[in-house]
Amino acid sequence: MKVAERIKKIPPYLFAQIDKKIAELRKKGIDVISLGVGDPDLPTPPNIIDALEKAVRDPECHKYPDYEGSLDFRKAVATYYKRRFNVDLDPESEVMALIGSKEGIAHIFFAFIDPGDYALIPDPAYPVYKTATLFAGGIPYTMPLLKENNFLPDFSSIDEEIAKKAKLMFLCYPNNPTAAVADEKFFEEAVEFAKTYDIIICHDSAYAEVTFDGYKAPSLLSVKGAKDIGVEFGSLSKPYRMTGWRLGYAVGNKDIISALGIIKTNVDSGQFTAIQRAGIEALLGPQDSIDEMLKIFKKRRDLVIETLREVGLEVEPPKGTFYVWVPVPEGYTSSSFAEMLIEKAAVVVTPGNAYGDRGEGYVRISLTTPDDRLKEAMRRIKESLSF
Ligand SMILES: *Cc1c(COP(=O)(O)O)cnc(C)c1O
């Protein structure tokens, strides 16, 4: 059997070594705590589950769904955008339902990247941007996210020849994995750059609602002119703890949405209508469960920051996402630090270089582990670093 070249281009799985270690320790009966995955431990709010239960019994939901999402779901997304960002969206042409935002993020490259085309991709980043570029035959051009630039790309450092050839650019704020946030001024710069070089902006806003300390994340689409060249990918996974439900959306420029739709209609047949109805309840129903969740994450964030300080690692409390991006102590690499924590503390963190070369020197700690387990993990990390 010979797999396609595009499979061979995908970078090797960086967690293989770590997964092996975890398996070894667990086999020995050691209690391993994982702070690796970004999947909320809290359950989906009950009003959303009730809505699904009701919808699932309605025969109208048992048929093939609408490709672009039910009009009611798309209207709910538009209502959320108006309420939250004061952005007007036409539910018919500027909103599309996705089977989780990852689905749309991966497919958009097939709508705009031809073999040999450049895509501007942040580094470090959610790995899908790069792998989808490669699947489409494109060339990822990395925009380094550096601490000295607050983990924002520096558009002026992008090679002009590449900028002219680039078809699309991905951004993500609040950012996974660095937990950095962006203000509207940054999006204005991005739009100006993109318009100058005729580049599409795709903004991954999976963490728009996961923010702290009074900070509210802006939408790319709030910026004047953004809708001429941009789309935003949203997800119900993180704000409503619906990662397993697979529901997201793309909003913004209608021509971009329509091109994405052409790819999608030829690959999938849309998300289960009953799940979309539950999504309507999530977006339009009571929102207090988000605040409750944020209180829990904030307490965990502060505990992690305090522990890191105690072992001499100064990290600013992040204003967004449920991650902490931690510079490794001197003498360690991302991998050697992650391995040390597994061996000495039986705690799993994600090595930063799993998100790109510029992630080297960092590890990512996820706050999606129950309080008592996180506390125990912090106790063990402290112990492993203090002798
Ligand atoms: C979790 C996540 C997503 C994907 O979420 P879905 O469950 O597919 O909607 C997209 N982007 C980033 C950066 C994420 O962390």
Side-chain angles (χ1 to χ4, degrees), residues 15 35-44 48 69 73 76-77 80 95-109 119 121-133 140 143 145 151-153 168-182 201-211 217 219-220 231-252 260 264 267-268 270-272 275-276 278-279 282-283 290 293 297 318-325 350 352 354-356 358-359 362 364-368:
F15 303 104
L35 309 179
V37 288
D39 191 349
D41 55 308
L42 309 164
T44 306
I48 300 172
F73 176 72
V77 173
Y80 160 72
V95 182
M96 177 167 288
L98 300 172
I99 309 172
S101 66
K102 182 182 186 178
E103 176 263 300
I105 291 168
H107 279 143
I108 192 119
F109 290 88
I121 303 297
D123 178 4
Y126 185 58
V128 181
Y129 317 143
K130 183 175 176 181
T131 52
T133 304
M143 303 185 288
L145 304 187
F151 301 108
L152 299 168
L168 68 75
M169 159 163 64
F170 246 91
L171 298 172
C172 171
Y173 292 97
N175 184 260
N176 177 12
T178 68
V181 297
I201 303 181
C202 299
H203 181 233
D204 180 348
S205 80
Y207 296 92
E209 301 307 332
V210 187
T211 58
S219 162
L220 165 73
V231 284
E232 199 152 59
F233 290 91
S235 172
L236 279 77
S237 291
K238 307 317 179 355
Y240 304 107
R241 292 93 76 181
M242 293 172 74
T243 51
W245 299 55
R246 313 310 304 132
L247 189 59
Y249 50 82
V251 295
L260 172 62
K264 272 178 63 58
V267 177
D268 65 66
Q271 179 53 286
F272 185 24
I275 288 181
Q276 295 185 55
L283 291 167
I290 295 184
M293 169 184 80
F297 285 153
K319 285 198 165 58
T321 77
F322 40 59
Y323 306 110
V324 182
W325 188 239
T350 314
Y355 302 97
R358 301 291 185 156
Y362 290 87
R364 193 192 75 174
I365 289 179
S366 173
L367 306 173
T368 55

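Predicted model, so just to flag it, every value in this text is computed and none were measured. Atoms within each ligand, like the ligands themselves, are counted from 1 in listed order.
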Enquirer: Provide the number and element of each atom of ligand 1 under 4.0 Å from a heavy atom of S237.
Expert: 6 (P), 7 (O), 9 (O)
Enquirer: Is there a polar contact between ligand 1 and Y129, counting only N or O atoms under 3.5 Å apart?
Expert: no
Enquirer: Look at the side chain of E232 and the backbone N and O of S205, then say whether any donor-acceptor pair between them is shorter than 3.5 Å.
Expert: no
Enquirer: Is there a salt bridge (charged side-chain N to carboxylate O under 4.0 Å, His left out) between K264 and E103? Walk through the geometry before answering.
Expert: CA-CA 9 Å; K264 272 178 63 58; E103 176 263 300; 2.8 Å; yes
Enquirer: What do you reckon, are the aromatic ring centroids of F322 and Y207 less than 6.0 Å apart?
Expert: yes
Enquirer: Mark up the atoms of ligand 1 that fall under 4.0 Å of a heavy atom belonging to K238, in ascending order.
Expert: 1 (C), 2 (C), 3 (C), 5 (O), 14 (C), 15 (O)
Enquirer: Under a heavy-atom criterion of less than 4.0 Å, does R246 contact ligand 1?
Expert: yes
Enquirer: Decide yes or no on side chain to side chain contact (heavy atoms under 4.5 Å, CB included) for D123 and K130, but give the supporting numbers first.
Expert: CA-CA 9 Å; D123 178 4; K130 183 175 176 181; over 6 Å; no
Enquirer: Please check: side-chain N/O of T211 versus main-chain N/O of G320, any donor-acceptor pairing under 3.5 Å?
Expert: no
Enquirer: What protein heavy atom is closest to atom 9 (O) of ligand 1, reported as residue, atom name and distance in Å?
Expert: S235 OG, 2.6 Å
Enquirer: Look only at interatomic distance and state if K102 has a nitrogen or oxygen under 3.5 Å from any nitrogen or oxygen of ligand 1.
Expert: yes
Enquirer: Do Y355 and Y362 have their ring centres less than 6.0 Å from each other?
Expert: no
Enquirer: What residue and heavy atom of the protein are closest to atom 5 (O) of ligand 1, and at what distance?
Expert: S101 OG, 3.4 Å
Enquirer: Does G100 have a heavy atom less than 4.0 Å from any atom of ligand 1?
Expert: yes
Enquirer: Give a yes/no verdict on whether any heavy atom in D204 is under 4.0 Å from an atom of ligand 1.
Expert: yes
Enquirer: If we ignore hydrogens and angles and just use 3.5 Å, is the side chain of H203 paired with the main-chain N or O of Y173 as donor and acceptor?
Expert: yes
Enquirer: Under 4.0 Å from any heavy atom of Y207, which atoms of ligand 1 are there?
Expert: 1 (C), 13 (C), 14 (C), 15 (O)
